[in-house]
Amino acid sequence: MKHPRSLSSRRDFRRVMHTGARKRSSFGTFYVVRAVEDNAVSSLGLAVPRRVGGAVTRNRIKRRLREAYRAGAPERGFDVVIQARPEAAHVDFQQLAEEVSRLVAAQ
RNA sequence: GGAGCCGGCCGGGCGGCCGCGGCCCUCCUCGCGGGGGUCGAGGAAAGUCCGGACUCCACAGGGCAGGACGCUGGUGAAAGUGCCAGGCGGGGCGACCCGCGGAAAGUGCAACAGAGAGCAGACAGCCCCGGAGCUCGCUCCGAGGUGAUGGUGAAACGGUGAGGUAAGAGCUCACCAGCGCAUCGGGUGAUCGGUGCGGCUAGGCAAACCCCGUCCGGAGCAAGACCAAGCAGGAGGCACGGGUGGCCCGCCCCCUCGGCCGUAGGGCCGGGACCGCCUCCGGGUAGGUCGCACGAGGCGAGCGGCAACGCUCGUCCCAGAUGGAUGGUCGCCCCCGGGGCUUUUUUGGCUCCGGGACAGAAUCCGGCUUAUAGGCCGGCUCCACGA
RNA sequence: GCGGGCGUAGCUCAAUGGUAGAGCCUCAGUUUUCCAAACUGAAAACGCGGGUUCGAUACCCGCCGCCCGCU
């Protein structure tokens with residue numbers, strides 16, 4: 001399975017965060033919305049604020065979340081924003097991947 | 001064996017599986033595709049404290065203001081404590097470490113204590129003179145002398161000795177320390193050593209104002225260049241061509257159109273808008289390419305130099321993302337800590353659990369500073385013991 | 001990337017080279033039947049580490065934290 005596209009523009013972030021379904025987990029808040037076209041490649045936006053750590057841990061969180069998404073979440077049809085919390089750096093990867101798949105697929 | 005000083009280096013390794021970014025090659029069903037190869041974070045990539053390269057502001061001068069720096073000589077493209085070597089002063093038993101223009105240009109500052117704190121000062125004390133008293137080794141009163149003694153303070157206007165004196169005092173002398181001038185010698189120099197003379201003392205703080213010397217234009221790769229796409233302008237002010245940057249001065253240079261003159265550089269005359277800048281409101285776009293990865297470059301030899309470093313030769317090509325790649329996960333080994341077992345101690349073996357730092361390139365480079373688990377190497381000092 | 005400002009009692013702020021102060025808060029006492037108010041008293045601080053100075057909250061240097069601009 002391939003990695004999802006990355007969201008970049010402020011506009012896209014706003015769209016997903018305002019119109020999407022909000023779900024919480026121990027390591028972050030999820031915003032999930034159906035993509036405009038059903039078989040478009042899914043998009044993933046990662047919001048990792050400065051307060052969770054330095055550049056190293058923030059990058060690490062983003063990499064782990066991307067990998068966790070790739071491991072099981074739908075390849076097509078969803079736009080997702082994950083707002084990370086400091087716990088995301090320490091959560092077991094197995095648990096992280098299951099949580100991401102479950103919360104996205106539940107939509 | 002213990003304690004310590006200085007310098008340099010590394011900063012997990014190997015292998016599966018699944019992935020990411022750049023470049024090259026290749027295949028086809030040509031696309032937002034497949035395959036192969038290759039490269040892919042750091043010693044600090046960090047903080048942004050200095051300095052440069054580079055780009056734009058069209059370009060150089062003088063003065064003022066402002067800022068930075070400050071022993072000497074090297075080195076380096078440059079630089080606040082860049083680095084190396086040296087000088088002087090201070091600290092430490094020592095290896096070593098820390099500091100560095102000027103206080104006899106001027107202004108200013110010093111709480112409390114203390115008699116007195118900046119051309120210093122009589123509280124006690126000491127001494128002399130006059131008077132009075134007396135138990136006649138003194139006491140009291142008055143006028144003076146004195147910076148040797150006490151006490152205060154961070155700091156009290158050289159130290160020791162002798163002479164001198166009523167008591168004292170650089171008052172005089174000798175030596176020492178320190179200062180100035182002259183001079184000799186060593187050193188490129190900071191400065192060191194010596195000789196002579198002078199006057200006897202000139203305090204501290206410039207990370208207080210300041211003085212002297214040296215240096216400094218501004219902005220920053222979101223610089224800047226090109227391409228593409230796209231909308232809708234309005235109000236006010238400034239200027240009446242622009243340029244100079246914080247200010248001033250003088251000077252110089254550059255636009256366009258028409259006409260005339262000149263071989264030409266250019267000159268003269270006349271005209272000058274589209275437009276420009278600033279502030280506010282409103283609208284559009286925030287895509288691509290270049291800059292952008294060969295450089296004050298890395299590594300290894302040789303030579304020169306005490307060294308920093310330089311020169312020559314050989315060899316290598318070594319990240320270029322753009323919401324931002326260099327990862328996720330598993331196994332083995334290594335290191336550290338803890339528990340259990342093994343025959344007791346030391347050494348060791350087996351097994352289980354936990355941990356392995358600080359930290360992520362964004363134009364590039366040279367420094368500085370700060371963070372950092374654990375480990376390696378080299379040089380040196382002091383103490384104790386032994387030979 | 002470039003630049004600026006601020007860290008002082010629990011909170012909001014002063015003082016600027018010598019002893020750090022005010023208001024609110026807290027605690028104790030007086031007063032009151034009790035509470036409040038009032039009065040009296042007390043506790044409590046210069047972000048951290050070096051340096052300059054006799055002496056630093058202030059001056060200089062380096063860190064740490066927070067806030068704000070410009071592009």
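All values below come from the heavy atoms of this structure, side chains included, with hydrogens, waters and symmetry mates left out.
The gap from the P atom of B:C20 to that of B:C14 amounts to 23 Å, rounded to the nearest Å. For B:A58 and B:A293, the C1' atoms lie 31 Å apart once the distance is rounded to whole Å. Taking the P atom of each, B:C112 and B:C215 are spaced 48 Å apart, rounded to whole Å. Comparing the C1' positions of B:G189 and B:A219 gives a spacing of 42 Å, expressed to the nearest Å. Between B:G242 and B:G276, the two C1' atoms lie 9 Å apart (nearest whole Å). Comparing the same atom, P, in B:A177 and in B:G7 gives a spacing of 38 Å after rounding to whole Å. Here, C:A56 and C:C2 have their P atoms 36 Å apart, quoted to the whole Å. Taking atom C1' in both B:G121 and B:A169, the straight-line distance is 15 Å, to the nearest Å.
Nucleotide B:C210: paired with B:G102 (Watson-Crick or G-U wobble, both distances less than 3.5 Å). B:G220 is paired with B:C54 under the Watson-Crick or G-U wobble criterion, all donor-acceptor distances under 3.5 Å. As the counterpart of B:G386, no nucleotide is assigned, since no Watson-Crick or G-U wobble pattern has both distances under 3.5 Å. Pair check for B:G108 finds B:C205; Watson-Crick or G-U wobble, both atom distances under 3.5 Å. B:G15 is paired with B:C330 under the criterion used here, namely a Watson-Crick or G-U wobble arrangement in which both key atom distances are under 3.5 Å. Pairing for B:C376 is with B:G8, a Watson-Crick or G-U wobble pair whose two hydrogen-bonding atom distances lie under 3.5 Å. Pairing for C:C59 goes to C:G51, judged as Watson-Crick or G-U wobble with the two contacts each under 3.5 Å. Across all strands shown, B:G76 forms no Watson-Crick or G-U wobble pair with both key distances under 3.5 Å.
Mapped onto RNA chain B by nearest heavy atom, A:Asp92 and A:Ala47 fall at different nucleotides, with A:Ala47 at the one closer to the 5' end. When each of A:Val48 and A:Phe93 is assigned the nucleotide of RNA chain B bearing its nearest heavy atom, the one mapping closer to the 5' terminus is A:Val48.
Note that CZ of A:Arg70 is 14.0 Å distant from CG of A:Leu65, once rounded to the nearest 0.5 Å. Rounding to the nearest 0.5 angstrom, the gap separating the CZ atom in A:Arg34 from the CG atom in A:Asp79 is 11.0 Å. The structure places CG of A:Leu44 at 4.5 Å from CG of A:Leu46, a figure rounded to the nearest 0.5 Å.
Nucleic acid contact for A:Arg64: sugar-phosphate only, since backbone atoms but no base atoms lie under 4.0 Å from a heavy atom of the residue. A:Arg60 comes within 4.0 angstrom of sugar-phosphate atoms only, judged by non-hydrogen atoms across all strands, and of no base.
With its glycosidic angle within 90° of 0, B:A41 is assigned syn. B:G194 shows a glycosidic angle more than 90° from 0 and is accordingly assigned anti. Under the 90° criterion around 0 for the glycosidic angle, C:G55 counts as anti. For B:C318, the O4'-C1' to base torsion is within 90° of 0; the nucleotide is therefore syn. Base orientation of B:G170: syn, since the glycosidic angle falls within 90° of 0.
One finds no salt bridge joining A:Glu67 and A:Arg64 here, because no Lys/Arg side-chain nitrogen approaches an Asp/Glu carboxylate oxygen to under 4.0 Å.
Here the closest non-hydrogen pair linking A:Thr29 and A:Arg22 is CG2-CG, 3.6 Å. A:Leu103 and A:Ser25 make their closest contact through CD1-CB, 3.9 Å (heavy atoms, listed as atom of the first residue, atom of the second, distance). Between A:Val80 and A:Phe30, the closest heavy-atom pair is CG1-CD2, 4.4 Å. Residues A:Val16 and A:Tyr31 approach most closely at CG1-O, 3.6 Å, considering heavy atoms.
Distance A:Glu67 CD to B:U329 C1': 8 Å, rounded to the nearest Å. Atom-to-atom, CD1 of A:Ile61 to P of B:G324 comes out at 15 Å; the value is rounded to the nearest Å. Atoms OH (A:Tyr69) and P (B:C20) sit 16 Å apart, rounded to a whole Å. Rounded to whole Å, atom C1' of B:G323 lies 6 Å from atom NZ of A:Lys62. Taking atom CG of residue A:Asn59 and atom P of nucleotide B:A362, one finds them 12 Å apart after rounding to whole Å. Distance, A:Arg63 CZ to B:G323 P: 17 Å, rounded to whole Å. Computed from coordinates, the A:Leu44 CG to B:A325 P distance equals 13 Å when rounded to whole Å. In this structure, A:Gln94 places its CD atom 10 Å from P of B:U329, rounding to the nearest Å.
Nearest nucleotide to the A:Ala55 side chain, out of B:G19, B:A325, B:A361: B:A361. The side chain of A:Arg70 lies closest to B:G19, out of B:G19, B:G328, B:A359.
Distances shown here put a side-chain N or O of A:Arg66 below 4.0 Å from the OP1 or OP2 atom of B:A325.
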